[in-house]
Structures are given as structure tokens and as C-alpha cells.
Protein chains: 2
Amino acid sequence: MSTLGLDSDSLALAGLCSSVPMVMKVGTMTKKQSQSGTIESVASALEKAIHEHRLPPGSKLGEDDLAEIYGVSRTQIRAALQALSHLKLVEHKRNRGAFVAQPTLREAREVFEARALLEPRTAHSAAARCTPEDVEKLRAHIEAEHAALAAGDNGRALHLSGLFHIEIARIADQETIAAFIAQLVSRSSLIIALYWRRRMAICESHAHDALIAALAAHDGPQAEELMKSHLLDLVSSLDLRNQVSAPGSLREALT
Amino acid sequence: MSTLGLDSDSLALAGLCSSVPMVMKVGTMTKKQSQSGTIESVASALEKAIHEHRLPPGSKLGEDDLAEIYGVSRTQIRAALQALSHLKLVEHKRNRGAFVAQPTLREAREVFEARALLEPRTAHSAAARCTPEDVEKLRAHIEAEHAALAAGDNGRALHLSGLFHIEIARIADQETIAAFIAQLVSRSSLIIALYWRRRMAICESHAHDALIAALAAHDGPQAEELMKSHLLDLVSSLDLRNQVSAPGSLREALT
DNA sequence: GAATTCAATATTGCATACAATCATGTCGAC
DNA sequence: GTCGACATGATTGTATGCAATATTGAATTC
């Protein structure tokens, strides 16, 4: 039985899962679709599930379970897990399997230092290149984010909030930096799952609104400053002080 | 027959290759060492060969060839190639195989923009934390680089020059940023192979010497400035103007 | 003679089968 | 009653074999 958070119900929610080719498992003579985007599909589905905190840090990602859930072979699951492992989203323990990564306190600090280094100046660049279409796209993101929040789906809101940051890097027309930021945003999602202190409300909406305004006005310095303070706000909503162990990792620490 | 630049001779040069476990291929009943670092070993060996320009951009990396060269199974070769693919060092073409990546002009510019964003401020941080042992290590790097240059081994010198930059990020105690820089340095090696104009001499030695001095003196602003100008020098030694095709990619473009 | 089609070969993509390793639960000894 | 050793089960790591696809060469036709 699957101990994953990915039962048939959440599978339907995953969105991208629907693009996983339907393999008619009637034996070995069936012509499979060989749609060949399976690895990326599985990786995307898992990534999304992790972003939305349906798979909390530390979750075991058994190969057989995933293979059965997605209806593909273990080989492709392994490839997808390996890809996510390179993004630091899953950790591989030798002969033990793959687990959703649990960033340490140190990693958490490093991730946000890297974001502080990359994102403000990227936002600056984006302001110069931002087109009306880009602004429209960003507004759509915000809107969807608000809708998700209103619906109480915090996970989805967080996911969309991450996409917002990645979109800004894309507007700056820097694919390489955008890839880095995408990775950092993904890891941030894990960090938030581990170190977020509930007392603090995530009032990102305002920050994002102001950012859009600055971008639309092509005000580079303002966008840079807003992004910087936005990231600082985000960090201050986390509990990154030294502590004996991260919440939830206790179980892992005592084995 | 192998069309790779990795005959038995260059195999011996690869250094890390010696850590590839010796599989006694006497059939299937032989107990292999199962040293289990094979994938990393192969990936490192390939990475080094690419850094040192023994495998120029566009080289075909046939799985069977590599499997025979390193005496391991195709499975591990595939895993190693996949890892390098995530570092953007090799490109996978569907049903065609793996090739040493050929960064486009656009990618080349992006890589150096990312470096310009990351490295100067990382050098700044490194200056504050730099210990005498770190300085010694950096000097050793420089020395080896000079030795390689004197021996006419430009490839090795380039490789060491890259390690120098990564070492600085490590001194800054930022593993996450160091990983990004490592990737960018690797890709820079490919970019140099494609777009370097021979007229320009690579006078990095001086820049590196000055950088060490600034780091040793804990002069953050100076280190930041030196790194910035060093990167600019490096870019100016490249030919990143628009052109019909990169040198060497002609063959590929006409197939 | 040149071009196009078709067959043959080589190479990758994929899945399955086996081997190795780790976790768990039981039995026995102290 | 508790601790330790062992056997069993489950899960990952690895290799090999087959199927699918691209490339190469030859033969045929215009």
C-alpha cells in the first residue's frame, strides 16, 4: 500500500499527471504510446506535489509505489527522481531510496542568501524589458494566487507565488539565471514547510502588487529595492535561528 | 572503434579514472568490487576531459564506447551522462545520443552575465572569511596553473583556473552559490573552446595574483572590483558578436 | 549520372530479471 | 524480562535483452 500523499485523489489534482501516457498493461505485446515525455511529466508532477506541500519534507518516495501510481516502469521513475535530486528537491540515501529533501538550517540560509544575490538585480533588469503582455501575465499570476488563498488552498498559493518569481527572471530574458532562481524557489518551498512560523502571516500579496507596479513603470531601482525587501520579509517570516532540530526531522534524527 | 578523444592514453591522464573499479570481466559470476562510486567517477572523468578540451564541443559520447573504455555497464554510463546533462555540459538528442554541449551565443552571454552577478560579491564575502590556509591553497592553485602553462598544457591550466574560481566561492562558505559557480565555470570552458579568439592572450595569472592579495588582506571591495574586471577581461577575450555560426558547429549545422 | 527509395546496421530507449543490501520480526540465550 | 543473533521480507542497485529509431549504404529508376 502506498504511504505516499499521492493517492488516486491527489493524482487527479496534480494537473500534469494527465499527460502521463496511458500504458495498457496487458502484457509485453501492447504497443505503448511511447510518448517519451514521461520522465519530465513524472518529475513535474512530483515537483508540483512537493511545491504544494502535499509531499512534506522527509516523505519516502518508493520506486515501486511511484511506478504503480503513474503506470510507468521503475526505470523512468528512477530517472525522474534523479532529475529532482539534481535540483536538490529529493535526497538519495544509499540502498534506502529517495526522500523529499529536508534542507538544513545552513542550507536554508544559503538559499536565501543566493536569492538575495540574484533576484533583486534580476528584477532591475526585468523592469527595463517588461512589456504590457508581461505585466498582464504577472497580474494573472497574482489573481490566481489570491483566488487560491481565498479558497484556502495555501499550498497552491505558495506554488503560484513561486512561479511569480520565476516569471520575473524570465522577463529579464535570462534563462540561465531563471533556472537557478527556479531551483532556489523550489528549495524555498521546502524551507517554508520546515521553518515557517505560523504566527507570521504571509503578506506577499502586497509586495507582489508593488513589484508589478514598479515593473510596469520600468522603474528598475524601485523594483530592485522592492524585491530585496520582499525577500527580507520572507526570511523574517521563517525561524532560522539555531535549534536542536528542525520540526518534523526529529523522527529522522532519532533513527 | 572509438571516435572519442578518450583512447587508453588519455584515459591514463584522466586522473580520476584510476578510481574506477576494476571489473574482472570473466563472465557474470565474478564478484565485482561494487565500489559504487563508479557513476561519480565516470562523470568526473568526463567532466575533466571536457574542461581540458580533450573532448571538444559537439563530440559524440556513445554509450557503448564509454562503457567499454571505463569497463562498466551502459547503465552507469547513462546515469553519468544524465548527471552531466543536468549541468548543461552534455546535450541529449532523442534517439541520437549524448554530445558534448555546444553553448549558443545567447547561452554564452547569459553564462557570463550570471557570473558577473554572482562572483564579485562572492569574492567580497570570501575576503572577509579568508584564512591563511585558504590563501595557501589558492597559491597552490596558481602555482599548478603556472606549471601547466609552462608545460604547454593549456587545457589543464584552464581547468585549474576554473577550480580557482570555485575555491573562492567555497571560501565564502556558500555551498549553494559555489555549486552554481561551478556549473557556470564548466560551461565557460565550453564557451572558451567555441568562442575564444586566439589573438588574445589569456593573461589571467596577473588577475588571479592580485585577487589573492586582496583576499589575503581581507579587502572586500578590492576583491569584488578585481573579480569584476577579471570577468570583463575574460569576456573581452571572447568573440561573442553575432555571427552565422560558431566555429566547429558548421558541420553540425549542415547535417 | 543523379536522385530517391529501401534494406541493413548500429545505437539508443526501455523494461524486466537478478543480485545486493537494509529493515523487521522472531526466536533463543542469559 | 531484556538483549542479541538470525532469518525473512522488502527495496534498491545493476546488468542484460529486446524493441524502436536513426543512419548508412546500395540498388533501382528517371
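The sequence lines fix the lettering, A, B, ..., with proteins before strands; numbering per chain opens at 1.
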Please report the distance, rounded to the nearest Å, between CG in B:Leu81 and P in C:dT12. 9 Å
I'd like to check the side-chain contact (heavy atoms from CB on, under 4.5 Å) partners of B:Ala98; sequence neighbours left out, ordered by chain and number. B:Leu61, B:Leu81, B:His92
Parallel, tilted or perpendicular: which one describes the rings of B:His159 and B:His51, with boundaries at 30° and 60°? tilted
What's the CD1-C1' distance between A:Ile39 and C:dT12, to the nearest Å? 12 Å
Tell me whether the OP1 or OP2 atom of C:dA15 has a side-chain N or O from A:Arg74 closer than 4.0 Å. no
Looking at the side chain of B:Lys60, which of D:dT12, D:dT14, C:dT11 is the nearest nucleotide? C:dT11
Roughly how many Å is it from CD in B:Glu68 to P in C:dT12, rounded to a whole number? 13 Å
As a test of reading the structure: which of D:dT11, C:dC22, C:dT16 is closest to the side chain of A:Ser73, going by heavy atoms? C:dT16
Taking only residues two or more places apart in sequence or in another chain, which ones pass side chain to side chain donor-acceptor pair (under 3.5 Å) with B:Thr176? A:Glu110
Please give, in whole Å, the distance from D:dA22 P to B:His92 NE2? 16 Å
Selected nucleotide, minimal atom distance to A:Asn95 side chain, candidates D:dT14, C:dT21, D:dA22: C:dT21
Separation of A:Arg94 atom CZ from C:dA23 atom C1', in whole Å? 17 Å
Starting at CD of B:Glu63 and ending at C1' of C:dA10, how long is that distance when rounded to a whole Å? 13 Å
Whole Å only: how far is the CZ atom of B:Arg96 from the P atom of C:dT12? 11 Å
Do A:Val42 and A:Gln76 come within less than 4.5 Å of each other through their side chains, counting heavy atoms only? no
Parallel, tilted or perpendicular: ring planes of B:His141 versus B:Phe164, cut at 30 and 60 degrees: perpendicular
Within less than 4.0 Å of OP1 or OP2 of D:dT23, is there a side-chain N or O belonging to B:Lys93? no
Using a cut-off of less than 4.0 Å, is there contact between a side-chain N or O of B:Arg78 and OP1 or OP2 of C:dG13? yes
Report the distance from atom CD1 of B:Ile77 to atom P of D:dA15, rounded to the nearest whole Å. 10 Å
For the side chain of B:Thr75, counting heavy atoms from C-beta on, which of C:dT16, D:dT12, D:dA15 is nearest? D:dA15
Between C:dT12, C:dC14, D:dT12, which nucleotide gets closest to the side-chain atoms of B:Asp64? C:dT12
